[in-house]
Structures are given as C-alpha cells and as structure tokens.
Amino acid sequence: MTQGTSVPPDQAADAAGQPERTPALEALYRTFEQQLLIPLWTQIGDLMPPFPEASAVPHRWRWKDLLPAAEQAGELVPVGRGGERRAIALANPGLGGRPFATSTLWAAIQYLNPGEDAPVHRHSQNAFRFVVEGEGVWTVVNGDPVAMRRGDFLPQAGWNWHGHHNRSHHAMAWIDGLDIPFQHYTEATFFEFGTDEVETRETPERSRSERLWGHPGLRPLTHLRPSPATPLLAYRWEYTDRALTEQLALEADGYRVTAEAGHAAVRYTNPTTGDDVLPTLRTEFHRLAPDTGTAGRREVGSSVFQVFDGNGRVTVGESSWTVERGDLFVVPSWQPLSFETGTGMDLFRFTDAPIFERLGLHRSHQDGVTA
Ligand code: GTQ
Ligand code: FE2
C-alpha cells in the first residue's frame with residue numbers, strides 16, 4: 001500500500017548488492033522490461049524495509065480552518081442524491097492528492113443545514129460519526145434515528161442503510177471516519193442507493209438500539225450471538241466522560257488503572273464480543289490530566305486524532321504542533337507519538353489496528369519494549 005519510489009535497473013548499478021553493469025546485464029534488464037518483469041534485487045530496499053516506511057506523513061488540520069470551509073460549502077453546495085454527502089476529507093500530503101487521511105483511513109468534516117436530509121444509502125465501508133460540538137442532527141440507521149450531540153460516538157457498520165437529517169434550526173458539523181482507503185486499495189468496495197423518500201422524521205431522545213443495548217453489563221437474552229460489529233449505535237458522552245473521570249479519581253486514590261500516570265483511556269467496544277466496535281476500525285478516548293506528558297509510542301497501522309477539549313503539544317515523528325479543540329492530526333504507521341499538556345487535554349482517536357491484529361501483523365513499541 002505504500003507508494004515509495006523504487007530503484008530502476010539503470011540507476012541501481014552502484015547500490016549495495018547490485019551486479020556490475022556489463023552489456024550482457026543491460027540486455028537482460030531490457031528483456032525484463034519488455035516482458036514486464038522486475039527483479040527483486042533492484043527493489044528490495046523499498047519493498048522490504050527493516051520497519052514500516054509510511055507514505056502518509058504526520059499532519060495537522062485546524063478546526064478553525066476546517067469549520068469555515070465547511071460553512072462555505074453549506075452555502076454553495078446542495079446535499080442530495082449523487083454527491084450523497086457534504087463531506088470534506090482530509091487529504092494527507094504524502095498520498096498523492098487522494099482524499100485519504102492515511103493509507104487506510106478516511107476522515108472528513110460533514111455539514112448539514114437546518115431542515116436538510118442526506119439521502120439513504122449503504123456501502124461495504126465501515127463508518128462512524130464523532131461530534132466535537134453542536135447537535136440537532138439524527139443519523140438514521142436501518143430506520144432507527146440516533147441523536148448526535150457533543151461527545152457522542154456513533155458507529156455504523158458496513159452495509160447498513162443510513163441517512164442523516166437535521167431537524168433543528170441551526171447547522172451542524174461533525175467528523176466521519178471510514179475505512180474507505182483500505183477498501184479502495186484492496187478492491188473490496190460495494191455501494192447501493194437507498195430509497196429517495198425520507199424514511200422518518202422522528203427525533204427520539206434515545207434510539208431503539210440504545211433502548212435495547214445501552215445498559216452496561218446487560219444483554220438481551222434474545223440477542224446472545226456475537227456479531228462482528230456493534231449493535232449499539234450511540235456511545236454517549238455522559239458515560240465516556242464518567243469512565244475517564246473515575247479512572248483519574250481511582251488513580252488519585254492509589255489504584256493503578258490508568259494507561260500511564262495522568263493518562264486515562266477507554267476503548268469503545270462491541271457489547272457482543274468485547275472487541276473493537278467495527279471490524280476494521282478501533283476507536284478510543286484519551287484524557288490527559290493537567291501537567292501530563294506521555295511516553296513516546298509507535299505502532300503498526302495509522303491513527304487519526306481529534307482534540308475534544310483542552311490543548312497541548314503533540315509530537316509525531318519529526319513534526320510537532322500545538323493543538324486545541326477540534327484540531328485533527330494523523331499519525332502514520334510506526335511514527336512515534338507523544339503528548340504534553342498544561343491545561344489537560346481530551347482526545348478522540350481512531351485507528352486501523354483491528355486489521356493488523358487479526359492478521360498477526362500488529363506491533364507496538366514503548367519504553368524500549370517491543371510487543
Ligand atoms: O455520512 O454516509 O464522510 O457515506 C463519507 C462517505 C460520510 C456518510 C463520509 C459516507 C458518509
Ligand atoms: Fe455513507
């Protein structure tokens with residue numbers, strides 16, 4: 001999936017392990033070229049580097065630039081069948097102008113004006129929404145309207161019908177995460193338009209999915225079979241916030257429950273398996289207490305973060321930025337990541353780790369220990 005440059009045979013003569021460029025060898029290389037053959041010995045450094053060399057680069061997008069651009073799109077661009085969504089993707093400068101945040105992950109800001117409907121469709125791509133501010137939109141998944149509000153995480157597994165409606169009197173923006181690049185590169189993508197009718201205008205407080213599944217540690221006896229994606233369509237901020245608050249409070253009481261000192265973290269899970277919410281996407285929420293720094297950590301696979309609250313400094317490989325509420329940044333595969341904050345900082349994170357874990361390709365490294 002990387003797009004690094006390879007050494008063409010005619011420039012590889014001096015490279016390590018390359019044979020001397022005799023006329024006979026030149027002729028052989030021309031034969032290879034004509035027959036569409038490429039020898040490994042000219043490519044090995046690119047194809048089989050000692051550790052992952054991501055094409056994607058570390059990058060930060062500021063919410064104060066993203067939101068006005070989305071608002072402009074809200075004025076100029078209608079939302080409807082064909083274009084499907086007023087979603088504007090982060091395009092990693094290392095990925096050749098494609099709308100991909102990393103080599104596997106799509107991240108976009110989506111914007112819906114009052115009264116607007118984003119039409120019903122379904123696709124093989126797994127998706128979620130995360131809300132950094134605002135409310136008033138319901139995402140309707142298989143006819144079940146799910147309210148979206150600040151701090152809520154709303155997963156939506158591949159091949160479920162979904163549309164969104166804004167039933168409030170103000171516009172709303174949120175972020176979408178999908179595995180679009182992964183499914184694009186692996187050529188696994190299917191898509192289907194849904195009904196053009198508005199499915200429902202309902203705006204319930206709680207979705208049917210939350211009424212059935214939203215009770216910690218309790219599972220309906222009619223639904224005991226594991227499913228590969230979560231049936232719970234909303235993970236509300238109230239619970240996430242409380243879980244993080246309690247971790248830090250327990251730490252203060254002397255219990256070792258945080259990821260590291262001053263660093264509380266939770267993973268969103270599928271209540272039918274305890275695993276990640278979606279087959280290809282891992283999602284987490286991290287809270288750094290005031291005056292906290294984190295140890296450098298790298299792992300196979302890429303991440304996208306959004307700052308939910310507070311501010312701080314993030315270092316990813318050779319890049320370092322200050323970040324504040326709403327800012328997004330990407331961490332390419334095997335790039336070390338660390339944080340520092342004075343005020344404290346809340347961060348939402350999504351990654352492609354489930355893909356690599358399931359294939360036995362996941363590795364991480366922190367404090368000199370390779371796992
Ligand atoms: O809201 O259904 O950002 O299908 C990209 C593709 C959002 C959506 C995106 C999508 C959606
Ligand atoms: Fe969609």
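For the single chain, residues carry numbers from 1 onward in sequence order. The structure displayed is predicted, hence computed values, not measured ones. All ligand and atom numbering here is 1-based and tracks the order in the structure.
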Can you pull the residues with any heavy atom under 4.0 Å from ligand 1? Arg85, Ala87, Trp106, Ala108, Gln110, His121, His123, Arg129, His162, His164, Asp176, Leu178
Just to be sure I understand the site: which N, O or S atoms from the protein are less than 2.8 Å away from the Fe ion (ligand 2)? His121 NE2, His123 NE2, His162 NE2
Centroid separation under 6.0 Å, is that true for the rings of Phe285 and Phe308? yes
Without hydrogens or angle criteria, can the side chains of His164 and Thr139 be said to hold a donor-acceptor pair below 3.5 Å? yes
Heavy-atom neighbours of Glu84 CD exceed 12 at 6.0 Å: yes
ring-ring contact (aromatic ring centres under 6.0 Å, His included) filter on His123, not counting sequence neighbours, yields His121, His162
If you count every heavy atom of other residues, nucleotides or ligands that lies below 6.0 Å from Arg211 atom CZ, does the total exceed 12? no
Hydrophobic clusters join Ile, Leu, Val, Met, Phe, Trp and Tyr when side-chain heavy atoms are under 4.5 Å apart, directly or via other members; which others share one with Leu233? Val79, Leu112, Val131, Val137, Val141, Val146, Met148, Leu154, Met172, Trp174
Taking the ring of Phe100 and the ring of Tyr185, is the distance between their centroids below 6.0 Å? yes
What is the ring orientation for Phe339 with Phe305, classed by angle as parallel under 30°, tilted 30 to 60°, or perpendicular over 60°? perpendicular
For a side-chain hydrogen bond (donor to acceptor under 3.5 Å, both in side chains) with Glu299, tell me which candidate from Arg363, His362, Gln335 qualifies. His362
